[in-house]
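The structure that follows is given in the form of structure tokens.
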There are 2 protein chains.
Amino acid sequence: MNNAGNPPKKKHSVTIMDVARASGVSYATVSRVLSGYEFVRESTRNRVMEAVEHLGYVANLQARSLAGGRSQIIGLLVPNLDNTYVGTVTRGIDQELVRANYDLMLYTSHRHPGNESLYVNAIANGLTDGLLLVAPLVPTTYLDALRERNFPYVLIDQADATENSSVVEATNWQGAYEATRYLSQLGHTRIAFITGALAVRSAVDRLRGYKAALADCDIPVREELVIEGDYQQQTGYEITKSLLQSVDPPPTAVFASNDLSAFGAMDAARECGLLIPDDISIIGFDDIPQASLVCPKLTTVRQPLEQMGQVAVKMLLEQIEHRGRPPQRVTLATQLVIRDSCGLYQTQRGEHSKTLKSTGGSLLRTN
Amino acid sequence: MNNAGNPPKKKHSVTIMDVARASGVSYATVSRVLSGYEFVRESTRNRVMEAVEHLGYVANLQARSLAGGRSQIIGLLVPNLDNTYVGTVTRGIDQELVRANYDLMLYTSHRHPGNESLYVNAIANGLTDGLLLVAPLVPTTYLDALRERNFPYVLIDQADATENSSVVEATNWQGAYEATRYLSQLGHTRIAFITGALAVRSAVDRLRGYKAALADCDIPVREELVIEGDYQQQTGYEITKSLLQSVDPPPTAVFASNDLSAFGAMDAARECGLLIPDDISIIGFDDIPQASLVCPKLTTVRQPLEQMGQVAVKMLLEQIEHRGRPPQRVTLATQLVIRDSCGLYQTQRGEHSKTLKSTGGSLLRTN
DNA sequence: GGATTTCTTGTAAACGTTTGCAAAAGCATA
DNA sequence: TATGCTTTTGCAAACGTTTACAAGAAATCC
């Protein structure tokens, strides 16, 4: 085989047999001690643990999960690794996972573009006890397969159309509503909206929140101001550019469905010679760490990304422990974070500068 | 056991036996086809592949690696998930890994603070074929153990004191040298230096590059301008603050050993009422994506992070294929990226505004 | 055409666990 | 002391692969 002339056998590591021998019991008993079986004599347990300690025994994961036990590994499928959105969610996941003594297997979805179903199949067939999906684009393809296998999984920031999956998300509608309303209160009426990929449920919710807010503020929706994006900075840039150049009169505010798009919008605005927030207001969604780094600092709707990761893990572990629990849906609160990228609508008469009042949602002033 | 009343057996998935049955050969032959053994009749191979395709067979990883084969998984140990530094390196790793059909297991080092040796032991004992360590802080503890087991691993951006490990790094000395020299050419003579954690080899190299450049520019090293940091933004902030407040005369330029520290320095400078780059110049190291987002855009020394990840994977796979190859050390070129955070030293007589000339290294003008 | 050599395939034995089953050991009750 | 419970333990059979070994088939040589 392609194994050339090298020592193929790993140095023999200490197995459950060694522990059994050292503690004078059968390997089955050792296994029971290690997996916390209750009917083991206290003295036996101690003897075994001592041997484990002494020999530095670590259970072999392959063998364990092959034999039907838990692998103590969960799979994480993320869309990419470019932005800190994923990083932040992952941090939350990681925190909770270490607490439960689980390991993490990372998959980047762009890695297997065509055959996604084979791909997810592989994860589930493999050694993970469960799967976490961060904002997957086309989940429908493989969710059915997972459900049919009764394989535990949780969706993060992307709901399942069929309502049959466990989901962790934020109050997308409410967040978008508040952001839009905030812009309106600043006097803006020509508020453009850059959506996310509308295949993603959260993107649709945000769009609905935007429209609802406009309606409540008696601002008619102008369809030419609503353009479908894809959460990418470049796309946000291009959309904003065309909005500013070809819509007349141009928008005085841009609400981007995520911070990355908002960054793109800022680039475009600047390139058109507009000052932020004097000439144009820009607001984002997510509050990734970069949002407070850009200049001016981005006003945005904060999603509790880290917390979402934590909650998702808890839900997943719950599912792993108790298969067949009905799917759960957890929605966490968003929060409007006001920074420096939105300003009053500059009007000759200043009529729009009514005082700001809370929208009833949570409002946070920060840097 | 703690397995309550749930269906413990996973739905039986398609195994190598099923494929064997479907294609009318023994399971051993199937295994050989799948692992690319050469002495299989063409017709047999086709028949097997057809069955595989048809049944949607995916090899069970646990079983495979248990039986002595490769798990096709590599472990990645990163210090944290906060900044895009790690994300960028990981992207490179991921790209190369998918090409080689490997999966990725992610470990965050802060997860097992105390017992690192047990931790790495677990990774090596477990199901990974090799290990990638990104900028580990205290590698000495476990490297010996890995080496003794002849377990493949590669260090990224952190050299091993004993020179016994495979390492991928950048030209830290040269990068720091060029950055320092650049500042000097702008007329600065009071150039502060915020180091990284000096336990990390690359941090030491950068410090040496800084000192060498000063020497070559006939600028004496003032020890009060060189302060040990730890690559954290907060620390960069604190150090710069104290530099500006308690050193007299204060530095006119700050060279931070990584971008994160530089961001902290920018915060501090601004807080002291200084304009960047008019009153103070700041330069970083790494060129993480945020560097071009901050305001003003950060001049910095680019490390080819993504490429470092790719190279590391190639080296690791090489090691996995051919155990016992002597450790290799690859050094990639850094590049000075000039943006907007550094300016000419403001002097009454303007005597320092000599024309800039290339330092001989690579120089890149970009936004 | 028989003897070699080279390909091709199958059998069986690992790999290190978990877990059903049954036997052994305690222990209380009668 | 026998009886019937619990608790504790061991045996053996999976789990799904890889791979050494050996045997059968095909090709090559003299």
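First the proteins, then the strands, lettered A, B, ... as listed; each starts at 1.
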Which sits closer to the 5' end of DNA chain D, B:Ala28 or A:Glu42, going by the nucleotide each is nearest to?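 Its nucleotide being nearer the 5' end, the pick is A:Glu42.
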Rounded to whole angstrom units, what separation is found between the OH atom of B:Tyr57 and the C1' atom of D:dG16?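 For the pair B:Tyr57 OH and D:dG16 C1', the rounded distance is 7 Å.
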Short side-chain N/O contact from A:Thr15 to OP1 or OP2 of C:dG16, under 4.0 Å: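 Answer no for this pair, as no side-chain N or O of A:Thr15 is under 4.0 Å from OP1 or OP2.
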For the pair B:Met308 and B:Thr88, evaluate side chain to side chain contact (heavy atoms under 4.5 Å, CB included) and give the outcome as yes or no after the intermediate values. CA-CA 10 Å; B:Met308 286 165 73; B:Thr88 309; over 6 Å; no
Going by modelled atom types, is there a donor-acceptor pair between the base of C:dG20 and the side chain of A:Arg32 at under 3.5 Å?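 Indeed, a donor on one side and an acceptor on the other fall under 3.5 Å apart.
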Take atom CZ of B:Arg64 and atom C1' of D:dG16, then tell me their distance rounded to the nearest Å.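 Computing the B:Arg64:CZ to D:dG16:C1' distance gives 11 Å.
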Nearest-neighbour nucleotide for the B:Leu66 side chain, D:dG16, D:dC15, C:dT11 considered: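 Nearest to the side chain of B:Leu66 among the choices is D:dG16.
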What is the distance from CG of A:Leu34 to P of D:dT9, rounded to the nearest Å?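 After rounding, the reported distance stands at 14 Å.
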Given atom CZ of B:Arg41 and atom P of C:dT8, what is their separation to the nearest angstrom?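 From B:Arg41 CZ to C:dT8 P: 6 Å.
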Side chain of A:Val25 - closest among C:dT17, C:dC15, D:dG10: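 The answer is D:dG10, which lies nearest to the side chain.
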Of the listed nucleotides D:dT8, C:dT8, C:dG16, the one nearest the side chain of A:Thr44: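 Within the option list, the nearest is D:dT8.
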D:dA14, D:dG16, D:dA12: which one has an atom nearest the side-chain heavy atoms of B:Ala63?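 Of the options given, the side chain of B:Ala63 lies nearest D:dG16.
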Do A:Val134 and A:Asp157 have side-chain heavy atoms sitting under 4.5 Å apart?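 Side-chain contact under 4.5 Å: no.
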From the set C:dG10, C:dT9, D:dC15, return the single nucleotide nearest to any side-chain atom of B:Ser26.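 In terms of side-chain proximity for B:Ser26, the closest of C:dG10, C:dT9, D:dC15 is C:dG10.
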